[in-house]
Number of protein chains: 2
Amino acid sequence: MKVTINDVAKHAGVSMKTVSRVINKEPSVRKKTYDLVMQAVEELNYQPNTAARNLAGTSSFAIGLVYDNPNAYYVIDMQNGVLSRCKEEGYELVIHPCCAQDPDMHKEIATMIQRSRLAGLVLTPPLSEQQDIIDMLDSLGVAYVRLLSGQSHASAACEGKTEEHKANNCIYVDDYAAAYEITEHLIKLGHKTIAFACGDAEHKSTTERLAGYQQALKDHDLTLNEDLIYEGTYSFESGVEGAKALLKNNNAYKITAILGGNDEIAAGALFASRLMNIAIPEQLSISGFEDSPFSRQTWPKLTTAHQANSVISEHAARLLFSKTRGSRKQDKDIITTFTPSVVVRESTGPAPV
Amino acid sequence: MKVTINDVAKHAGVSMKTVSRVINKEPSVRKKTYDLVMQAVEELNYQPNTAARNLAGTSSFAIGLVYDNPNAYYVIDMQNGVLSRCKEEGYELVIHPCCAQDPDMHKEIATMIQRSRLAGLVLTPPLSEQQDIIDMLDSLGVAYVRLLSGQSHASAACEGKTEEHKANNCIYVDDYAAAYEITEHLIKLGHKTIAFACGDAEHKSTTERLAGYQQALKDHDLTLNEDLIYEGTYSFESGVEGAKALLKNNNAYKITAILGGNDEIAAGALFASRLMNIAIPEQLSISGFEDSPFSRQTWPKLTTAHQANSVISEHAARLLFSKTRGSRKQDKDIITTFTPSVVVRESTGPAPV
DNA sequence: ATGCAGTTTGACAGCGTTGTCATTTTAACT
DNA sequence: AGTTAAAATGACAACGCTGTCAAACTGCAT
C-alpha cells in the first residue's frame, strides 16, 4: 500500500538520491535515467511523502495565504488562484484567516510559519500594508508577496523600500486608475455631482480609489466637495447607511451618481435607494468596484470595475514560487501590475435633466 | 531561533519523550512534571515542528476539507467552522476544492491523502453522497465525516450502512423538516398554489427539500402539481430562468408563492420578478433556503431557512477529531443533526386575494 | 591509450519528532 | 519493612526524505 522512495529506487535499479533528484526535477540527471525512474514511479504509483520532504529539506513544501477579509467572494477567488499554482508546483496551501486589528497578529503569523515551516506567504490587504508584519517576515527571512493597492512601484505602502523589494515582493492593483476611469464614465454620462461612498479607512485601496475619483473630477473641471464623500466600511450595511446619509437632504447638492467603494457598498446603496423610492438609473446612477458575482445579482445589475482576483492571486503565487526552492525555470510571464477595467451594466445611465 | 524538543527537555531536566508526552497531552504525566515542562515550553517559546510530528507519528496533524460548491458563502463558512476546531486541536487544514463530476475524483483525493498523510477528511455534499468515494476512503482506512442531507439516521445516502457508521461518520441537516416548515409558513399566509424551484438534481438536499415541500402541501390538503416544480441548479441564473418559466403563463395556475431551493435561486427569482413587473411580496411571495448573507442583501430581504454552516462544520470537525489520534476527552457535546429554522423577512407576505 | 574537467550517480548521515519497550519511581498492600 | 502491581519516565530506533560529499562515469583533447 505504502510506497517509499526506496521501493522506487530498487524497482528502477538506481539509488534513492537519484529518485529524489528526478521527483524534484533537479538538473544533471540523464534523460535515460529520468525516464527509467519516472516509469518506476508510475508503475508503483509512488506519492512523495510531504512530511518527510518538509523535514529533510531546507524549506518546506507549503505556503501560507493570510487574509482578513469579510468578503467571501474575494477570499474564495484568492484561494483558488493560489491553489491552482500550488497544485502545479506540488505545494500545500495553509490558509490563515485572521484579524488585522489584533495586536498579537504578527506573533500569531510567526507561530504559524514556524510550526509549518512555511516556504512563503501571500499577504492580502490590509495585512499586506502593515509594516510590523513585513518587518517580522524580513527578520524571519521568510519569502512573501504583498498584494498592494497603488500605482505600481509608486505605492505608498512601499515607501522607503528598495526598488528590488518593490519588484520582487509586490503585486499591484491600480485602484487609482480604475476609479479614475469609472468616474470618467459617469462624467461622460453627464453627471456633475458625483458622490463617493468609501470603504475602510485603513485599507490603502480606499485612499487610492478616492484619489482616482478626485483627480477625474478635477481633470474635468468639476468641484470637489467634502460633503459628497461618505466614510464607511467595505460592507453592504455601510452602503445602505452611506446612501441614506448622502441623499438625506439632497436638495442642496443634487447628487445624480454615487460611486461605491466596492460592489457590496454599491449594492447597499441600491437597497437604500429602493427604500427611498429612487429609480436606478433614471434618477440616480450607482457604480460598484471589483466585479464580484454579487454585482451581477442585484437589480439592476451593477456597473463596476472588473478585477480578476483569481488571476491576480495566481500571479502572486507565481512570484512567490520564483523565489523559493527550485526557482527552476525563471517565470518570466508574471504580471505585477493589474488595472481593473470598467464594466458597464444597468445601474448607471445618463444624468437626469 | 529554532527551538527543538531536545532544548526544552534539557531546559526542564527531563527526557525528550516526556516533553513529547506533555505537548501531546498524553495521560500518565505527573502534574509537577507537566508544569515544569510547560514552563520550559513557554520560556523558550517552543513550537512543535509539524513536519517531524507528521513523519514520526502514526497519523499526521492535518485534516482535509473537500468540497465542490460554487457558493462562496457556503465554502467560507465551512472552512471557518473546521478551522476554528483545527486551531484548538493544533491541526492543519488542507482545503481541496474539486469537481464532483470528474471521474478521477477519488484517485485525486486518494493522492492527496497519501501525500499529506491526512488524519481525516470532512466531506461536503455532493461528494459526501458519492458511494465510490466512501468506498475508497474505507479501503484506505482513513477517518472521515460526511455532511449529509436527510432526516438524521434515515438518510438515503446511508442505505445499507451500519448504525455504527451512521452515528460515527455522519452529520445530518434535516432539509426535509426545514422545507416542510417553510412551506407551512407560506400555507399559513394563505397561499394555495406554491411553486418550487429546485437545485441540482444530484444533490440529496434537493430531493429532501422537495419531499418536505410536498409533504407539507399534502398535509394541508393542497394538490401537488408537477408543473409547479422547476428543475434547475443551485444558482442565481437558474433562479431567474426558473421564475420566468414558472410565471410565463401564470393565468393557468395562479402561482402566488415560489419556494427557492436556496437563497441564490430565490434571489434569481426576485430578479426575474422585477423584470416582469411583479411586486414582491404583494403579488408574489418568494422564499430562500440557507440564510446566507446574500438573503439579507436583496430587495426585499429574503424569508429563508437559517442554516448555521460554520457551526455545522465545526461539529463535523469535532466528530472527526473524536476519532483521530488522541481521542483524549470524549467530546460528548457533538450535535449530529441540525434542523434549519425559518427566518421570516420581507419577501413573503399574505397571499393576494 | 592517457589524462583531465565536467557530468552523473551513490553512500550515508541527519531533519525533529513519536512508538516501543525497558527501567525507575510511586503507591498500596501485607 | 518488604513485596507487588501500577504509574511515570527514559533510551533508542525508526519515520521517509534530502543535503553533503565522495566516487564513478562520461567525452574530448592530447
Side-chain angles (χ1 to χ4, degrees), chain A residues 1-37 40-41 44-62 90-92 114-117 119 324-326, chain B residues 1-37 40-41 44-62 90-92 113-117 119 324-326 328:
Chain A
M1 193 76 253
K2 191 161 50 184
V3 184
T4 74
I5 205 169
N6 194 27
D7 300 328
V8 179
K10 278 185 198 146
H11 194 86
V14 297
S15 75
M16 278 167 56
K17 182 66 212 184
T18 299
V19 178
S20 170
R21 288 197 177 94
V22 170
I23 60 174
N24 285 301
K25 296 198 183 20
E26 284 176 32
S28 83
V29 173
R30 207 163 308 177
K31 176 86 171 65
K32 215 177 79 187
T33 320
Y34 180 91
D35 292 340
L36 197 66
V37 172
V41 167
L44 299 178
N45 185 31
Y46 166 70
Q47 298 297 338
N49 178 320
T50 310
R53 302 221 286 171
N54 290 349
L55 184 58
T58 318
S59 88
S60 86
F61 282 89
Y91 273 61
E92 261 172 25
Q114 282 178 28
R115 291 175 82 108
S116 305
R117 274 171 108 243
T324 58
R325 185 91 73 160
Chain B
M1 194 77 253
K2 193 162 47 184
V3 184
T4 74
I5 208 170
N6 194 26
D7 302 327
V8 179
K10 277 185 198 148
H11 193 86
V14 297
S15 74
M16 279 167 54
K17 182 67 215 188
T18 299
V19 177
S20 170
R21 288 196 177 93
V22 170
I23 60 174
N24 285 301
K25 295 200 184 19
E26 284 176 32
S28 84
V29 173
R30 207 162 311 179
K31 176 85 170 63
K32 214 176 79 186
T33 318
Y34 181 90
D35 292 340
L36 197 67
V37 172
V41 167
L44 300 178
N45 186 31
Y46 165 70
Q47 298 296 338
N49 179 320
T50 311
R53 302 222 285 173
N54 289 350
L55 182 57
T58 320
S59 87
S60 86
F61 281 89
Y91 273 62
E92 260 172 26
I113 293 173
Q114 282 177 28
R115 290 175 83 108
S116 305
R117 275 174 104 244
T324 57
R325 185 91 73 158
R328 310 150 187 153

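Throughout, a chain's letter reflects where its sequence line sits, starting with A, and its residues are numbered from 1.
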Under 4.0 angstrom between B:T18 side-chain N/O and D:dA8 OP1 or OP2: no
Any residue of residues 44-51 of chain A with a heavy atom less than 4.0 Å from an atom of DNA chain D: A:Y46, A:P48, A:N49
Residue list, side-chain hydrogen bond (donor to acceptor under 3.5 Å, both in side chains) with A:K2, at least two apart or on another chain: none
Below 4.0 Å: OP1/OP2 of C:dT9 and any side-chain N or O of A:T33: yes
Short side-chain N/O contact to D:dT18 OP1/OP2 from A:S20, under 4.0 Å: yes
Under 3.5 Å donor-acceptor pair, A:R117 side-chain atoms to C:dG16 base atoms: no
Whole-Å gap separating C1' (C:dG16) and CG (B:D7): 11 Å
Closest listed nucleotide, where the reference is the side chain of A:V29 and the choices are C:dC15, D:dC15, C:dT9: C:dT9
Interatomic distance where NZ belongs to A:K31 and C1' belongs to C:dT9 [whole Å]: 18 Å
OP1 or OP2 of C:dT18 under 4.0 Å from side-chain N/O of B:T58: no
Overall bend - the helix from C:dA1-D:dT30 to C:dT30-D:dA1, comparing terminal axes fitted on five pairs, nearest 10 degrees: 40°
Residue whose closest nucleotide on DNA chain D lies nearer the 5' end, B:Y34 versus A:M16: B:Y34
Closest-nucleotide 5' rank along DNA chain D - winner of A:I23 and B:A52: B:A52
Short side-chain N/O contact to C:dT9 OP1/OP2 from A:S28, under 4.0 Å: no
B:N6 side chain near C:dT17 phosphate (N/O to OP1/OP2, under 4.0 Å): no
For A:A12 against A:L36, the heavy-atom pair lying closest together: O-CD2, 3.3 Å
D:dG10 base / B:R21 side chain donor-acceptor hit below 3.5 Å: yes
Reference residue B:H11; test side chain to side chain contact (heavy atoms under 4.5 Å, CB included); the match among B:V37, B:L44, B:V19: B:L44
Short side-chain N/O contact from A:N54 to OP1 or OP2 of D:dC17, under 4.0 Å: no
Non-hydrogen side-chain atoms of A:R21 and A:V14 separated by less than 4.5 Å: no
Residue B:K17, side-chain heavy atoms: nucleotide from D:dT9, C:dT9, D:dA11 that is nearest: D:dA11
Nearest-angstrom distance from the residue atom CG of B:L36 to P of D:dA8: 16 Å
Selection from C:dT18, D:dT18, D:dT9 that lies nearest to any side-chain heavy atom of B:R53: C:dT18
Under 3.5 Å: donor-acceptor pair, side chain of B:S59, backbone of B:A119: no
Between C1' of C:dG10 and CD of A:E26, the distance in whole Å: 13 Å
Between C1' of D:dG19 and CG of A:N24, the distance in whole Å: 11 Å
Touch class at under 4.0 angstrom, heavy-atom based, for B:K32 against every strand present: nothing
